[in-house]
Amino acid sequence: MQIKEVIQHLEAFAPTTYAEDFDNVGLLVGNQNTTVTGVLVTLDTLESIVDEAIKNNCNLIISFHPIVFKGIKKFNGNTYVERVVMKAIKNDIAIFAIHTALDNAYNGVNDMMSEQLGLINRKILIPQSGTIKKLVTYVPTTEAENIRTKLFEAGAGSIGNYDNCSFSSEGTGTFRATEHANPSIGTVGRMHQEKETQIQITYPKHNEDKILKTLFDTHSYEEVAYEITTLENKNQHIGMGMIGELPKAMEETEFLNHIKKVFKTGCIRHSNLLRKPIKKVAVLGGSGSFAIKNAKQAGADIFITADLKYHQFYEAEEKIILADIGHYESEQFTKNLIVSYLRKKISNFAIILSDKNTNPIQYI
C-alpha cells in the first residue's frame, strides 16, 4: 500500500476540504507514492516522535497538529520545527497533518470529547457554511433515471439525514451541431429538438470531482450542459464544536470534578459558578474562545475548551460557565480516534499509537 492510499482513507474520514483556511493540513513531508512500512499516530510531531517512528519501522507519521504551520525560509536546525523536518527527510519519513479537518468532522475531535463526557443528543455547535453545492444539468429524458441513479451512487443527493434527494422538471432542449462536432444525438448542421429532463441535485463539496466525472462518463452528449452553485444552507454534519446533554443533570462542582477526572487535567480554570445544575454542555477542542457566543446562544450551561485569556472569562456574563481544561487535555483522545479508524480500514501493516506525551505544559 502506498501513502496516497492511506490518505484516501483519512480523506473519507475527515476531508481536508473542510479544514479552516488558516490551517496547513495534508501531506507536509514526503512522497505520496512511497510504499508504507508502518504508520505512527501522534498528537504532535517532535524529534522524539520521529525517533519513535524510526524505532518502529514506520515511514509515515500521522499527526493531529501540523509541524509546519507558517512558511520556513531556512533549514539550519535552529528551531525544533526545522530539526523535525530535517530528521524526517533524512530518514525518509513522511508526515501528514489532519488538524482542523478532524475538528470539523462530525465524528472527530469534539465528538470524542462528548463521548468521554457521556453526552447524548449531540449536534454540531457551529455548522460550517459554503460546504453544500447544487448541480443543475440537462439530460435526454430517456437517460434521466440512469444518470440520476449514478449521481446518487457517487455521493450526490444527501441532505442531512436524507439521501437520494433531487428535483426534476421536463422541457425541450435545442441545439445544432457544427461541422467539428460529433453528436450522439442529432445531425451536423441541422437544428435539433430533444425532450430533456433538468436534474437538480445537491452534494457535499468534497465529492465534486467524483460527481462531475460520473456526470461526464454517464451523459451521452458530447458537450454536457451543467451549472454549479454554492448554497447558503448550513451543513449540520460539518463544523466546529459540539453541544449535547448529560443523561442526568449534575451539580456544578460535581461536574467540574467529573471533567477533571475524564480529561486527567492538572487544573481547570473556570468562570464564576452560577449555582444551578449542569445539563446542557458545549465543547470545542483546542483554542475555542471564538465560540463563547455560540455556546451561550445555544443555551449551554457550560462551555469546555482551552486557551482562554483573562478578559475572555468576563464574556461568561453570568449566563454560562466557561471551563479551560488545557489544549493538550482537550485533544488527547484524538490520536486514539485516528488509530481506531485506520485499524478498521487497514490490516496489512502496523498502525501504532505513539506512547509519547507531547504536552509542553506541566503543572505543579
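Here, residue 1 is the first one in the sequence, and each next residue gets the next number. These values consider heavy atoms only, across backbone and side chains, with no hydrogens, waters or symmetry-generated copies. No experiment lies behind these values; they were computed from the predicted model shown.
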Point to revise | Stepwise salt bridge (charged side-chain N to carboxylate O under 4.0 Å, His left out) test for Glu317 and Lys296 | key: CA-CA 10 Å; Glu317 298 180 311; Lys296 287 194 292 186; 2.7 Å; yes
Review point. To the nearest 0.5 Å, what is the distance between OH (Tyr226) and CD (Gln198)?
Key: 16.0 Å
Practice item. Flag the pair Leu117 / Ile304 as yes when at least one side-chain heavy-atom distance between them is below 4.5 Å, and no otherwise. Key: yes
Check your understanding: Taking everything shown except Asn348 itself, do over 12 heavy atoms lie less than 6.0 Å from its CG?
Key -> yes
Check your understanding: So, Asn56 side chain and Ile352 main chain: donor-acceptor pair closer than 3.5 Å or not?
Key -> no
**Study point:** Note, Glu318 side chain near Leu274 side chain (heavy atom, < 4.5 Å)
**Key:** yes
Practice item. Apply the test side-chain hydrogen bond (donor to acceptor under 3.5 Å, both in side chains) to residues Glu170 and Thr197: give CA-CA distance (whole Å), side-chain angles for both, the deciding distance (0.1 Å), then the verdict. Key: CA-CA 5 Å; Glu170 307 299 323; Thr197 299; 2.9 Å; yes
Practice item. Following the transitive rule for hydrophobic clusters with a side-chain heavy-atom cut-off under 4.5 Å over Ile, Leu, Val, Met, Phe, Trp and Tyr, establish whether Leu40 and Leu10 coincide in one cluster. Key: no
Exercise for review: Starting from the C-alpha separation in whole Å, work towards a yes-or-no answer on side chain to side chain contact (heavy atoms under 4.5 Å, CB included) for Val39 and Cys58.
Suggested key: CA-CA 5 Å; Val39 176; Cys58 295; 5.7 Å; no
Check your understanding: Do Ile325 and Leu322 share a hydrophobic cluster, counting only Ile, Leu, Val, Met, Phe, Trp and Tyr and linking them when any side-chain heavy atoms are less than 4.5 Å apart?
Key -> no
**Study point:** Nearest non-hydrogen partners of Phe313 and Ser271, listed with the distance
**Key:** CD2-N, 3.8 Å
Practice item. Would you mind checking if Glu208 and Lys133 are paired as a salt bridge, meaning a charged N to carboxylate O distance below 4.0 Å? Key: yes
Exercise for review: Go through Thr334 and Leu43 one step at a time and tell me if the side chain to side chain contact (heavy atoms under 4.5 Å, CB included) criterion holds.
Suggested key: CA-CA 7 Å; Thr334 302; Leu43 198 65; 4.1 Å; yes
Review point. Can any side-chain N or O of Asn235 pair as donor or acceptor with the backbone N or O of Ile132 at less than 3.5 Å?
Key: no
Exercise for review: Identify the two heavy atoms, one from Pro15 and one from Ala101, that lie closest to each other, and give their separation to 0.1 Å.
Suggested key: O-CB, 3.6 Å
**Study point:** Donor-acceptor contact below 3.5 Å, side chain Asn104 vs main chain Ile238
**Key:** no
Point to revise | Asn59 side chain vs Thr35 backbone, donor-acceptor pair below 3.5 Å | key: yes
Review point. Heavy atoms, side chains only, cut-off 4.5 Å: are Lys345 and Phe13 in contact?
Key: no
Exercise for review: Report the distance from atom OG1 of Thr229 to atom CD of Gln200, rounding to the nearest 0.5 Å.
Suggested key: 8.5 Å
Practice item. Take the angle between the ring planes of Phe69 and Phe22 and call it parallel below 30°, perpendicular above 60°, tilted in between. Key: tilted
Point to revise | side chain to side chain contact (heavy atoms under 4.5 Å, CB included) between Val224 and Thr137, worked out | key: CA-CA 8 Å; Val224 179; Thr137 189; 4.0 Å; yes
Study note, to complete from the structure: In terms of heavy-atom contacts, Ala300 and Ala282 come closest through CB-CB, 3.8 Å
Practice item. Could you give me the CA-CA distance, side-chain angles and deciding distance for Asp209 and Lys213, then say whether salt bridge (charged side-chain N to carboxylate O under 4.0 Å, His left out) is met? Key: CA-CA 6 Å; Asp209 289 346; Lys213 184 178 186 305; over 6 Å; no
Review point. Does the side chain to side chain contact (heavy atoms under 4.5 Å, CB included) test come out yes or no for Met112 and Glu331, once each step is laid out?
Key: CA-CA 9 Å; Met112 276 295 284; Glu331 297 173 340; over 6 Å; no
Review point. Got a salt bridge between Arg122 and Glu245, using NZ or NE/NH1/NH2 to carboxylate O under 4.0 Å?
Key: no
Check your understanding: Okay, side chain of Glu11, backbone of Thr16: is any donor-acceptor separation there less than 3.5 Å?
Key -> yes
Review point. Between Thr178 and Val188, what is the shortest heavy-atom contact and its length?
Key: O-CG1, 3.5 Å
Review point. Can you find a heavy atom in the side chain of Val139 that is under 4.5 Å from one in the side chain of Glu196?
Key: no
**Study point:** Minimal non-hydrogen separation, Ile3 against Leu27, with atom names
**Key:** CG2-CD1, 4.2 Å
Review point. Ion pair present between Lys55 and Asp51, side-chain N to carboxylate O less than 4.0 angstrom?
Key: no
Point to revise | Spatial distance of atom CG (Leu284) from atom CE (Met113) [nearest 0.5 Å] | key: 7.5 Å
Review point. Between atom CD1 of Ile67 and atom CD of Glu47, what is the distance when rounded to the nearest 0.5 Å?
Key: 9.0 Å
Point to revise | Side-chain heavy atoms of His192 within contact of Ile185, under 4.5 Å | key: yes
Exercise for review: Go through Ser289 and Gln312 one step at a time and tell me if the side-chain hydrogen bond (donor to acceptor under 3.5 Å, both in side chains) criterion holds.
Suggested key: CA-CA 7 Å; Ser289 61; Gln312 289 168 338; 3.2 Å; yes
Review point. Just wondering, are more than 12 heavy atoms of other shown residues or ligands nearer than 6.0 Å to NZ in Lys134?
Key: no
Check your understanding: Should Gln332 and Asn359 be marked as a side-chain hydrogen bond (donor to acceptor under 3.5 Å, both in side chains) after you check the CA-CA gap, both sets of side-chain angles, and the distance that decides it?
Key -> CA-CA 9 Å; Gln332 63 184 289; Asn359 190 359; over 6 Å; no
Exercise for review: Verify, without hydrogens or angle tests, whether Thr141 (side chain) and Lys195 (backbone) share a donor-acceptor contact under 3.5 angstrom.
Suggested key: yes
Revision key, fill the gap. Rounding to 0.5 Å, atoms CG (Asp324) and CZ (Phe303) come to a distance of 10.0 Å
Practice item. Tell me, yes or no, whether the heavy-atom count around Gln297 atom CD, taken from other residues, nucleotides or ligands under 6.0 Å, exceeds 12. Key: yes
Practice item. Take Phe175 and Tyr221, measure what ring pair (Phe, Tyr, Trp, His ring centres under 6.0 Å) needs, and give me the verdict at the end. Key: CA-CA 11 Å; Phe175 56 85; Tyr221 283 176; 5.6 Å; yes
Practice item. Report the C-alpha distance between Tyr138 and Glu227 in whole Å, list the side-chain angles of each, state the deciding distance to 0.1 Å, and finish with yes or no for side-chain hydrogen bond (donor to acceptor under 3.5 Å, both in side chains). Key: CA-CA 9 Å; Tyr138 307 84; Glu227 308 162 30; 2.8 Å; yes
Check your understanding: Should the pair Tyr314 and Tyr310 be assigned to parallel (<30°), tilted (30 to 60°) or perpendicular (>60°) ring geometry?
Key -> perpendicular
Point to revise | Asp355 backbone acceptor or donor facing Glu52 side chain under 3.5 Å | key: yes
Exercise for review: Specify the closest pair of heavy atoms between Arg269 and Asp307, including all atoms of both residues, with the distance to one decimal.
Suggested key: NH2-C, 4.5 Å
Exercise for review: For residues Lys276 and Asp301, determine if any side-chain heavy atom of one lies less than 4.5 Å from a side-chain heavy atom of the other.
Suggested key: yes
Check your understanding: Do Tyr203 and Leu151 have side chains that get closer than 4.5 Å, going by heavy atoms?
Key -> no
Point to revise | Backbone of Arg190 reached by a side-chain donor or acceptor of Arg176 within 3.5 Å | key: no
Review point. Which of parallel (below 30°), tilted (30 to 60°) and perpendicular (above 60°) describes Tyr106 and His237?
Key: tilted
Check your understanding: Going by heavy atoms in the side chains, are Phe167 and Ser169 under 4.5 Å from each other?
Key -> yes
Review point. Taking the side chain from Asn24 and the backbone from Val68, do they hold a donor-acceptor pair closer than 3.5 Å?
Key: yes
Check your understanding: Taking atom OG of Ser340 and atom NZ of Lys335, what is their separation to the nearest 0.5 Å?
Key -> 14.5 Å
Check your understanding: Can you check whether Ile201's main-chain N or O pairs, donor with acceptor, with Ser166's side chain at less than 3.5 Å?
Key -> no
